[in-house]
Amino acid sequence: MRDLETSFPLLAETLLPQEAREIATRVQAHLDAGALEDGVALAQARLSGAVGEARAILQHALSLACNVVGRSVDALRAAAAREGFKAIGSREGELDALLAIGSVMRSAGDHASAILAFEEAEPMARELHDEIRLGVVLRQIGVCCSLLGRHQQALSSLHEAALIHSREPTDREHLSTLLSLYNAHNRRAISLPRDSRERIDSLEEHLGRWRALADDAARAAQTRMELMALGNHAITLHDCGHHRAALAALAALLPRYRTHGMAPNEAICFFEMGRAHESLAEHEAAREHYAEAIAMFDRSGLSGHLREALEGLSNVEEARGDHRAALAALRRVRTLEAETNDSAAHRSVAQRELRLELARLSSQWERLASTDPLTGLANRRALENWMAEVRPRVELGEPLIVLLHDMDHFKSINDSFGHGVGDDVLRQVAALINANCRTHDLAVRYGGEEFLLALVGVDYDAAIEVAERLRVSVQAFEWTAIASELRVTVSIGVAGAAEAQDTT
């Protein structure tokens with residue numbers, strides 16, 4: 001994968017933001033249709049030529065795509081979009097990127113870190129009066145609470161999100177929120193005593209809702225969501241005791257899961273068919289489906305479902321009278337329980353590594369967002385922050401002088417020698433300026449061929465000397481080492497404290 005950790009220079013964009021949004025929409029369409037790798041590939045391919053707002057938009061799209069295919073670290077790196085959106089002052093974009101970071105942590109099973117990210121996002125959404133994004137934040141918080149077994153908190157957040165999103169009933173966000181809400185209802189129902197009336201009534205209540213959601217998703221061309229809703233409808237049929245109807249629904253789903261590359265769903269489908277046949281005392285069919293599910297769970301590493309499938313197989317083998325096979329399955333369950341404890345420890349380590357990676361990337365994103373990638377000098381955002389720190393000292397009388405460097409006839413250098421040579425020239429001029437910069441001064445790439453050197457504690461006459469020294473050093477440099485007959489000069493303006501504090 002190409003480097004995703006670049007900053008966002010203030011240069012002419014090769015891809016317009018509107019074009020980037022259209023590409024991001026196509027990426028999401030691939031994900032919705034189950035063409036996951038196509039979505040990742042499209043975002044990666046178009047990211048390389050994008051800068052500024054367009055790059056931030058595509059990085060966000062790539063983050064979402066990588067998260068869906070389980071590439072957590074790549075998804076976090078692409079979430080550098082947050083710094084890109086910060087640099088252009090887009091609070092909406094920054095909020096979207098923060099949501100993407102929370103989603104990555106949730107997918108990795110680190111619900112505590114995910115909730116922290118979502119709780120940071122919630123006041124941003126309320127401040128922006130952006131109800132759609134607020135609904136997304138509340139949905140994500142609700143999903144985390146549901147997975148942690150905090151059912152009442154989950155349902156409260158998800159109901160609020162559903163109310164917000166209900167104003168656009170066919171919108172993708174509304175459908176996603178309903179999917180999460182119905183899943184949370186099912187988790188709460190399953191946590192109730194197995195034979196309780198409340199459990200059955202709660203599950204029965206949602207049968208029609210799952211079916212309606214699948215139909216709405218199909219009309220909106222949200223294929224993956226449709227298939228997930230249909231799968232949950234079939235599982236709920238079984239949990240309500242409608243085993244024959246569940247089997248028919250699951251059998252119809254199997255080829256569609258295969259077509260759309262939804263292997264984990266296919267494995268779960270076999271497992272649920274095994275459960276339904278077992279409930280009907282059809283032990284041979286149950287044995288066959290459990291065995292198929294176990295083989296798929298083994299390949300995919302879904303240990304929680306694998307343990308349940310092995311227990312089901314053991315029960316079926318016992319009912320068939322094959323006590324040796326039942327004992328073998330049970331032994332695998334015991335072995336798996338020990339391995340699960342080890343896996344939990346490994347998962348905890350992996351989550352810690354992901355948190356450390358996020359902290360490292362956050363620090364790097366902050367630095368890169370303040371650095372010009374071509375020259376390594378500070379950018380205008382860094383200048384604004386630096387000026388804010390220096391201003392109180394200047395107001396107390398400390399001298400501040402700014403030298404503004406403008407390269408002479410730079411366009412003709414690009415035209416005559418090519419943009420590669422032009423970039424080499426910019427890098428070398430930046431190095432010459434940086435060589436004359438003290439540790440408490442600031443060298444900035446201010447624009448395309450404009451540079452700025454801010455000097456603290458230097459009077460006007462001394463600044464004139466620095467400017468002349470820099471002008472001569474640029475003129476005297478051996479430019480022919482870069483390109484034959486190349487000559488480079490700069491013009492330097494000098495501004496005092498009043499002008500220097502206006503960095504716009």
Requested in this report: Would you sort out whether Gln140 and Ser103 count as a side-chain hydrogen bond (donor to acceptor under 3.5 Å, both in side chains), showing the intermediate values?
Outcome: CA-CA 8 Å; Gln140 296 281 22; Ser103 295; 2.9 Å; yes

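Checking side-chain atoms of Thr177 against main-chain N and O of Glu173 turns up a donor-acceptor pair under 3.5 Å.
Side chain to side chain, Asn232 and Asn183 meet the donor-acceptor criterion of an N or O pair below 3.5 Å. In this model, no donor atom of one side chain and acceptor atom of the other lie less than 3.5 Å apart for His283 and Glu278. A donor atom on one side chain and an acceptor atom on the other are not found under 3.5 Å apart for Thr375 and Arg445.
Among Glu160, Glu119, Glu131, the one residue that satisfies the salt bridge (Lys or Arg N to Asp or Glu O under 4.0 Å) test with Arg126 is Glu160.
Aromatic ring pairs are classed by plane angle as parallel below 30°, tilted from 30° to 60° and perpendicular above 60°; the pair Tyr182 and His206 is perpendicular.
For residues 216-242, the set of pairs meeting the ring pair (Phe, Tyr, Trp, His ring centres under 6.0 Å) definition, not counting sequence neighbours, comprises His238-His243.
Taking every heavy atom of both residues into account, Ala154 and Gly142 meet most closely at CB-O, 3.3 Å. Considering all non-hydrogen atoms of both residues, Asn67 and Val104 come closest at OD1-CA, 3.5 Å. Closest of all the heavy-atom pairs between Leu138 and Ser157 is O-CB, 3.5 Å. Residues Leu383 and Tyr446 come closest through the heavy atom pair CD2-CE1, 3.8 Å. In this structure, Leu179 and Met228 approach most closely via the heavy-atom pair CD2-CE, 4.0 Å.
The pair Arg332-Asp298 counts as a salt bridge, with a side-chain nitrogen and a carboxylate oxygen less than 4.0 angstrom apart. The pair Glu53-Arg21 counts as a salt bridge, with a side-chain nitrogen and a carboxylate oxygen less than 4.0 angstrom apart. The residues Glu19 and Arg46 are annotated as not salt-bridged, no charged nitrogen and carboxylate oxygen being separated by less than 4.0 angstrom. Classification of Asp96 and Arg91 as a salt-bridged pair fails, no side-chain N sitting under 4.0 Å from a carboxylate O. Between Arg219 and Asp215 no salt bridge is recorded (no basic side-chain N to carboxylate O distance below 4.0 Å). A salt bridge is defined here as a Lys NZ or Arg NE, NH1 or NH2 lying under 4.0 Å from an Asp or Glu carboxylate O, and Arg324 with Glu317 fails to meet this definition.
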